[in-house]
Visitor: 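First the structure, which I've put down as C-alpha cells, then a few questions once you've had a look.
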Amino acid sequence: MGDDRTAADAVPEVITAPSGNEDPKPAEAASALGSTEKPANGQVADSDLVRLEPTMNLFNGVTIICGIIIGSGIFISPTIVLNLTGSVGLSLVIWAACGVFSMIGALCYGELGTMITMSGGDYAYILKAFGGLPAFLLLWVTLLIIRPTAQAVVALTFGNYILQPFFEDCDVPKNAPILLAAVCITILTFVNCWNVRWATKVQDVFTAAKIIALFIIIIAGLVQLFMGGAKNFENSFEGSTTDPGEIALALYAGLFAYGGWNYLNFVTEELKNPYKNLPRAIVISVPLVTVIYVLANVAYFTAMTVEELSVSKAVAVTFGQKLLGPMAWIMPVSVALSTFGGVNGLLLTGSRIYFVGAREGHLPEAIAMISVNRRTPVPSLIFTCFLSLLYLFSSNIGKLINYFSFVTWLATGAAIAGLLVLRIREPERHRPVKVNIALPIIFVIACVFLVIMGTIAAPYDTLIGLAILLTGVPVYFIGVYWKNKPESFNAYVRSSTEWMQRLFMVIAEEKRD
C-alpha cells in the first residue's frame, strides 16, 4: 500500500499482506502492515495479522445483548400487549412468557455459537446446516431491507424522542428527526470504523444509561405500589382474551421488545474465549432483561389506569408525566439514549453479516475487506450506513418492515432447526455447550406457529415479502453459482475492488496457515 505497485502486481485480484509461514519481504510487510520490522522467527506475529481481533470481553457481550434488546420496545409495546390481551394479568404473563421463550432460543444459540465459532449468526448457521442458497436468501433480504430499515426506524425514534422535550406544546418539525437520525447513524458509523473498542465502550455506556432509566421506572413504581397503587392488580385477569389469534399477536408484540437476544452470535469471532463468554453472556443478559421488563410493566400499572395505558403512544413518557413531575423530561431522553445505543449495536453486529457473507463469496469481495490501520470492516460498515441513510427518506418504511416480519422467525427457526440437523449429521462434532434436545424442538415448533399465525394475520404482506425474498434466487445463480463469468466482467470487479482498497486502505482478512 506504500509503493507504486498495483494490487494485481502484489497478489492476484486483491491486495493482501503476507501471512502463514512464508517469509515476508520488507517492502510487502511495510506496505500492507505499516511496519518494516520483521519478527525474529521469520513469521508475521498474530498481532500483526490484518483481521478482526477478539477484543470483546464478557461485560461487552452482556452490554451488546442487553443494549440491543432494550430498545424502544419496552417503552412502547406495553400498550399493544395490553390491548391485545385485554387484562393486566394476562399481559404480565405474556411478558414473562416472551422472556422464557427468548431464553430457550438464546440457550440454543449458545450451543450453535460455541459449536460454529463463526461470526454471522443466523446466516452462518443456515449456511453450515442447509447450504448456500438458503443462507444467501436470508442475506439477500437482510441486506436489502431488514437491517437497514431496522437501523433507520430506531434512528428516527432517537430523533423524535430527543427533540420531544423542546417541543412540548407543538409538533416536532417534520424533517428535524430525519436530520438527527442521519447524524446519529453517521457518527456511530465513524466510531465503529475507527475502533472496535470505541464502539463497545459506546455500547457499555448507553446500555448502562437505559438500564438506569428502567430502574428509575421500577423504583418509582414500587414506591407507588406500597403507597396503595395496587388497584389495577385486583381481579387482574378479568377481561382476558381467549382468542388464539390475539394472543399470538400479543406474543409477537412482546417478542419484538425482546428482539436482539441472538445478536452476540453475529460477532462471535471478536469475542474473547467465546466457548465460555458467549453462554455466560446469554445466561446473564436474557434473565436480567426479563426481570426488568416484567417489573417495568408492573410499575406502569401502578401509575396509570388500564384506560390510560391502553391509549398511551409512549408509555414511559406518560409514566414520567404522572409520577416524576418536573423531572418528566428524563423519560423521553431515556428513550432517546436507549435508541442511540440500539443503533450502535445494530451497526456493530449488522456489518458483520455482510462481512461474513462477502468472505463466503455471497457478496462482492470488497465488503469483506479490513482496514489495515484500524482493524475494522470499514467497507461493510460504510455500506450498512449508506443503505440505512437511504431508508430514512422512505415514506413506506413501516410497510417494508411488515413485509418481512415473518422472515425473522423463519430465519431463527431455521437456524435452530440446523442445530437438530447437525446433531444427526455430525454427532461427534465438538459441542462445548449442549442443550437438552427438547429445547430446540420446542423452539422450532413455536417458530412455525409464529410464522403461520403471522401469515394468517397479514397474508398480503407475507406474500409480498415472500415474493421479494424469492427474487434472490436468480441473483444467487447469476452472482454466486455461475463461476465462469466473462473476463471483461471479472476485470471490472478486480478494478473496482482495487479502487475500494486504495480509497479505504483495506485488504483481505489474513489468517495463519
Side-chain angles (χ1 to χ4, degrees), residues 56-71 73-74 94-126 129 203 207 211 251-252 254-271 273-294 342 345-346 348-350 352-353 408-420 422-423 431-450:
M56 301 179 193
N57 56 30
L58 175 60
F59 182 73
N60 299 142
V62 170
T63 60
I64 286 174
I65 297 175
C66 290
I68 294 176
I69 293 178
I70 304 173
I74 187 55
I94 290 291
W95 281 102
C98 289
V100 172
F101 182 68
S102 299
M103 187 65 201
I104 292 172
L107 289 172
C108 294
Y109 267 66
E111 176 174 331
L112 284 165
T114 52
M115 175 177 61
I116 304 169
T117 55
M118 171 183 173
S119 293
D122 304 342
Y123 166 78
Y125 309 142
I126 292 172
Q203 196 67 21
T207 299
I211 289 177
L251 286 168
Y252 256 113
L255 289 169
F256 165 77
Y258 280 95
W261 49 260
N262 56 340
Y263 278 25
L264 186 59
N265 292 64
F266 290 94
V267 292
T268 309
E269 294 173 31
E270 295 169 77
L271 186 65
N273 196 358
Y275 300 111
K276 290 184 178 179
N277 286 334
L278 178 63
R280 285 175 179 173
I282 288 169
V283 170
I284 293 169
S285 304
V286 180
L288 174 63
V289 172
T290 302
V291 171
I292 289 173
Y293 273 15
V294 173
L346 288 170
L348 177 64
T349 58
R352 272 53 175 183
I353 306 172
T408 300
W409 294 110
L410 187 64
T412 307
I416 293 182
L419 183 155
L420 296 171
L422 293 172
R423 284 272 189 102
R431 291 172 171 83
V433 174
K434 190 172 183 180
V435 299
N436 187 292
I437 193 67
L439 295 183
I441 292 173
I442 291 170
F443 195 89
V444 169
I445 292 171
C447 284
V448 170
F449 170 77
L450 288 169

Visitor: Examine Tyr293 together with Tyr258 and report whether their ring centres are nearer than 6.0 Å.
Guide: yes
Visitor: CG/Asn273 to CG/Leu271 distance, rounded to the nearest 0.5 angstrom?
Guide: 8.0 Å
Visitor: Without swapping roles, check the side chain of Asn265 against the backbone of Tyr109 for a donor-acceptor pair under 3.5 Å.
Guide: yes
Visitor: So, Ser119 side chain and Glu269 main chain: donor-acceptor pair closer than 3.5 Å or not?
Guide: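 Yes, because the side chain of Ser119 sits within donor-acceptor range (under 3.5 Å) of the backbone of Glu269.
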Visitor: Please work out whether the ring planes of Phe443 and Trp261 are parallel, tilted or perpendicular, with thresholds of 30° and 60°.
Guide: perpendicular
Visitor: Output the distance between atom CG (Leu112) and atom CG (Leu419), rounded to the nearest 0.5 Å.
Guide: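 Here the rounded value is 4.5 Å.
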Visitor: Less than 4.5 Å apart, side chain to side chain, heavy atoms only: is that true for Ile70 and Ile211?
Guide: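 Yes. Closest side-chain heavy atoms under 4.5 Å.
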Visitor: Is any side-chain heavy atom of Leu255 closer than 4.5 Å to a side-chain heavy atom of Leu450?
Guide: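 Of all side-chain heavy-atom pairs linking Leu450 with Leu255, at least one is under 4.5 Å.
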Visitor: Listed by chain and number, what are the ring pair (Phe, Tyr, Trp, His ring centres under 6.0 Å) partners of Tyr123, not counting sequence neighbours?
Guide: His362
Visitor: Are the side chains of Leu251 and Cys98 in touch, meaning some heavy atoms are under 4.5 Å apart?
Guide: yes
Visitor: State which residues pass salt bridge (charged side-chain N to carboxylate O under 4.0 Å, His left out) with Arg423; sequence neighbours excluded, sorted by chain then number.
Guide: Glu111
Visitor: Indicate yes or no: at least one non-hydrogen side-chain atom of Leu107 is less than 4.5 angstrom from one of Val283.
Guide: yes
Visitor: Are any of the side-chain heavy atoms of Met115 and Leu422 separated by less than 4.5 Å?
Guide: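 Yes, their side chains come closer than 4.5 Å.
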Visitor: Any side-chain heavy atom of Trp95 sitting closer than 4.5 Å to one from Ile74?
Guide: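 Of all side-chain heavy-atom pairs linking Ile74 with Trp95, at least one is under 4.5 Å.
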Visitor: Quick one, Thr290 and Ser102 - any side-chain contact, counting heavy atoms below 4.5 Å?
Guide: no
Visitor: Do any N or O atoms from the side chain of Tyr125 and from the backbone of Ile416 form a donor-acceptor pair under 3.5 angstrom?
Guide: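 No: the side chain of Tyr125 does not pair with the backbone of Ile416.
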Visitor: Name all residues meeting the ring pair (Phe, Tyr, Trp, His ring centres under 6.0 Å) criterion together with Phe256; count only those two or more places apart in sequence or in a different chain, and write none if there are none.
Guide: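 Ring pair (Phe, Tyr, Trp, His ring centres under 6.0 Å) check on Phe256 returns nothing, list empty.
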Visitor: Among Ile68, Leu264, Leu58, Thr207, which one satisfies side-chain contact (heavy atoms from CB on, under 4.5 Å) with Thr63?
Guide: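 Passing option: Thr207.
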Visitor: Evaluate the side-chain proximity of Leu346 to Tyr263: yes if any heavy-atom separation is below 4.5 Å, no if none is.
Guide: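 Tyr263 vs Leu346: side chains touch.
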